[in-house]
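Below is one structure, written out as structure tokens; comments come after it.
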Amino acid sequence: LNLFARWSHVSSTTSAEPAHAKTTIVVTCEAMKIFIAILLFANEESVSVGAAVLRVVEETIAQPIEAAKLLVPSTLYVVQNNLVLVAAENLEGPVMAVFSQAKILTTAVFSIVMLGRELNARQWLALVVLALGVSAVQVSMMDTKDGEGDAGEKHILFGLFVVLCA
């Protein structure tokens, strides 16, 4: 999603092509995920793709309440993906990646503090490595020269706000 959004934005600012609509990018990515999921499901069940699609449709129709329960998280997911695309337009690629990864750290800290979860040694090591990676990218971005980076006008504070909301 991020790569396609970045490519669309950069190509539209460096050529006469219009940028792709954010909703089109989100729908295209979700359609690709559905297609891949059905292929994997068909492979796992050792059935044809048509049979896998038919089974998914039958299960959805047979259990409408369960299908309806997916509306809330899927709607939030669409909103989140659109926010990510807005943030991608307003932040440099590495900064966007840093703040996206930083959300993992804050989620881990909040799950420890607020939910009382405990992390094992491997999880702590993964968080430390992630924090070091985030820090390394941040330090490397400090000496960016004029004219380097993504094309187009950036609104960094707005982009940071949006990526943190997402």
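- Within the structure, salt bridge (Lys or Arg N to Asp or Glu O under 4.0 Å) pairs that include any residue of residues 71-87 do not occur (at least two apart or interchain).
- For residues 59-77, the pairs satisfying salt bridge (Lys or Arg N to Asp or Glu O under 4.0 Å) are Glu66-Lys69, with sequence neighbours left out.
- For the atom pair Ile112 CD1 and Leu119 CG, the distance stands at 4.0 Å (nearest 0.5 Å).
- The hydrophobic cluster containing Val129, built from Ile/Leu/Val/Met/Phe/Trp/Tyr side-chain heavy atoms closer than 4.5 Å, also comprises Leu125.
- Neither Tyr77 nor Val26 shares a network with the other; the hydrophobic side chains, linked directly or stepwise wherever heavy atoms of I, L, V, M, F, W or Y lie under 4.5 Å apart, form separate groups for each.
- Residue pairs meeting the side chain to side chain donor-acceptor pair (under 3.5 Å) criterion with at least one member in residues 111-128, sequence neighbours excluded, do not occur.
- Residues forming a side-chain contact (heavy atoms from CB on, under 4.5 Å) with Leu130 (at least two apart in sequence, or on another chain): Gln101, Ile104, Leu105, Val134.
- Side chain of Asn82 to main chain of Val78: a donor-acceptor pair is present (N/O by atom type, distance under 3.5 Å, no hydrogens or angles).
- Cluster partners of Val72, by chain and number: Leu76. The rule joins Ile, Leu, Val, Met, Phe, Trp and Tyr whenever side-chain heavy atoms lie under 4.5 Å apart.
- With sequence neighbours excluded, the residues satisfying side-chain contact (heavy atoms from CB on, under 4.5 Å) with Ala52 are Ile38, Phe41, Ala42, Val47.
- For residues 38-47, the salt bridge (Lys or Arg N to Asp or Glu O under 4.0 Å) pairs, not counting sequence neighbours, are Glu45-Arg55.
- Legend: residues meeting side-chain contact (heavy atoms from CB on, under 4.5 Å) with Val57, ordered by chain and number and at least two apart, are Val53, Ile61.
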